[in-house]
Asks: 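Have a look at the structure that comes next, please.
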Amino acid sequence: MKKLTILLVAMSMLAACKSAEFHNPISELWYADPEAIVYDGECWIFPTWSQPFDDQLHFDAFSSTDLKTWTRHENILTQDGCSWIRRALWAPASIRHNGKYYLFFGANDIHEGEHGGIGVAVADKPEGPYVDAIGEPLIGEIVNGAQPIDQCVFRDDDGTIYMYYGGWKHCNMGILNDDLNGFVPFEDGAIFKEVTPKDYVEGPFMLKKDGKYYFMWSEGGWTRSDYRVAYAISDSPFGPFERLATILEQDPEIGTGAGHHSVIKVKDEYYIVYHRHPLGSTDGNNRVVCIDRLEFAEDGTILPVKMTK
């Protein structure tokens, strides 16, 4: 009986160790603003390195085939690959196009008259290394009051690739050209159109499901506990985007400041990938990347996300 008890305890400890390997967050290291995308059955997450702005000079990536165990790929983009990056390398967005992998990013936390903005780098593999595709920012000025950060790149069913971007409570959209190095003007000659929903702050993301356009964004302050995700549904990628509800927010038993997300579909299930502050954290940069289920009601609306550990 004693030997059996010892065996059962050992088995229980082994099971606990195995389950501890599969946890939220996906890494205890400080990352934020995760862009998740599936390439050939493998999930990739491209996050911000969550540190003081002057230390944010590289991107890492994570990959997984089961959404449980993750491999970290370090320094996929650095100053060596893009000479105009000097600080605040933020919120990458990934897309595969014409056999190449493109990584869009915000850099330098620019204000009016400063150099930087949204750039684009290219690589032969999702893990890089990435190099600057055009030698200068793709978007290097303030348009419609939107700081050029937090870009989402969305490919519609007809192949059109849209970009939604913007901080400072303003969101713009544009249509990327086939080389992904510029934009196709709208019929009136404008390069960007403002599509800002109510309460929008930053972090736009577009998902298409059952012919509907689900536009999502972050509200509140990224260093605060009230950071959260809201959404709208439209019949068009151009909107209008009328705010419907909050779908992700703090849970006093799990974490605070949950926001700046992306969404992936694996088989028939949707997952939301986001960052949050661990309980008890007092440093705004202390953000970790997590993944949970994103579920829909029968009428197509999004159910509130239940954060897990």
Asks: Might you confirm whether atom NZ of Lys209 has over 12 heavy atoms from other residues, nucleotides or ligands at distances under 6.0 Å?
Replies: yes
Asks: Mind checking whether Phe238 and Tyr162 have parallel, tilted or perpendicular rings, split at 30° and 60°?
Replies: perpendicular
Asks: Please confirm whether Tyr31 and Phe62 have ring centers closer than 6.0 angstrom.
Replies: yes
Asks: To the nearest 0.5 Å, what is the distance between CD1 (Ile26) and CG (Asn24)?
Replies: 8.5 Å
Asks: Decide if the gap between the ring center of His58 and the ring center of Trp49 is smaller than 6.0 angstrom.
Replies: yes
Asks: Would you call Lys306 and Asp292 a salt bridge, using N to O less than 4.0 angstrom?
Replies: no
Asks: Look up atom CE in Met163 and atom CD1 in Ile118, then write down how far apart they are to the nearest 0.5 Å.
Replies: 5.5 Å
Asks: Would you check if Phe154 and Ile161 make a side-chain contact, meaning some heavy-atom pair closer than 4.5 Å?
Replies: no
Asks: Do Lys309 and Glu253 sit within salt-bridge range, that is, some charged N less than 4.0 Å from a carboxylate O?
Replies: no
Asks: Side chains of Pro237 and Tyr164: does their closest heavy-atom pair fall under 4.5 Å?
Replies: yes
Asks: Any chance you could lay out the ring pair (Phe, Tyr, Trp, His ring centres under 6.0 Å) test for Tyr227 and His275, step after step, and finish with the verdict?
Replies: CA-CA 10 Å; Tyr227 205 51; His275 73 242; 5.6 Å; yes
Asks: Which residue in the set Phe104, Phe192, Trp90 passes ring pair (Phe, Tyr, Trp, His ring centres under 6.0 Å) when paired with Tyr165?
Replies: Phe192
Asks: Taking only residues at least two apart or on different chains, which pairs with a member in residues 131-141 satisfy side-chain hydrogen bond (donor to acceptor under 3.5 Å, both in side chains)?
Replies: Trp84-Asp132
Asks: Salt-bridged, Lys212 to Asp210, with N to O below 4.0 Å?
Replies: no
Asks: Check this for me, if you would: do Lys193 and Asp188 make a salt bridge, where the nitrogen-to-carboxylate-oxygen distance has to be below 4.0 angstrom?
Replies: yes
Asks: Find out whether Val38 and Trp44 are in side-chain contact, i.e. whether some heavy atom of one side chain is under 4.5 Å from a heavy atom of the other.
Replies: no
Asks: Look at the rings of Tyr231 and Tyr214 and say which category their plane angle falls in: under 30° parallel, 30 to 60° tilted, over 60° perpendicular.
Replies: parallel
Asks: Do Phe46 and Leu103 touch side chain to side chain, with heavy atoms closer than 4.5 Å?
Replies: yes
Asks: Do any pairs count as a salt bridge (Lys or Arg N to Asp or Glu O under 4.0 Å) and have a residue in residues 96-121, sequence neighbours left out, and if so which ones?
Replies: Asp40-Arg96, Arg87-Asp109, Lys100-Asp124
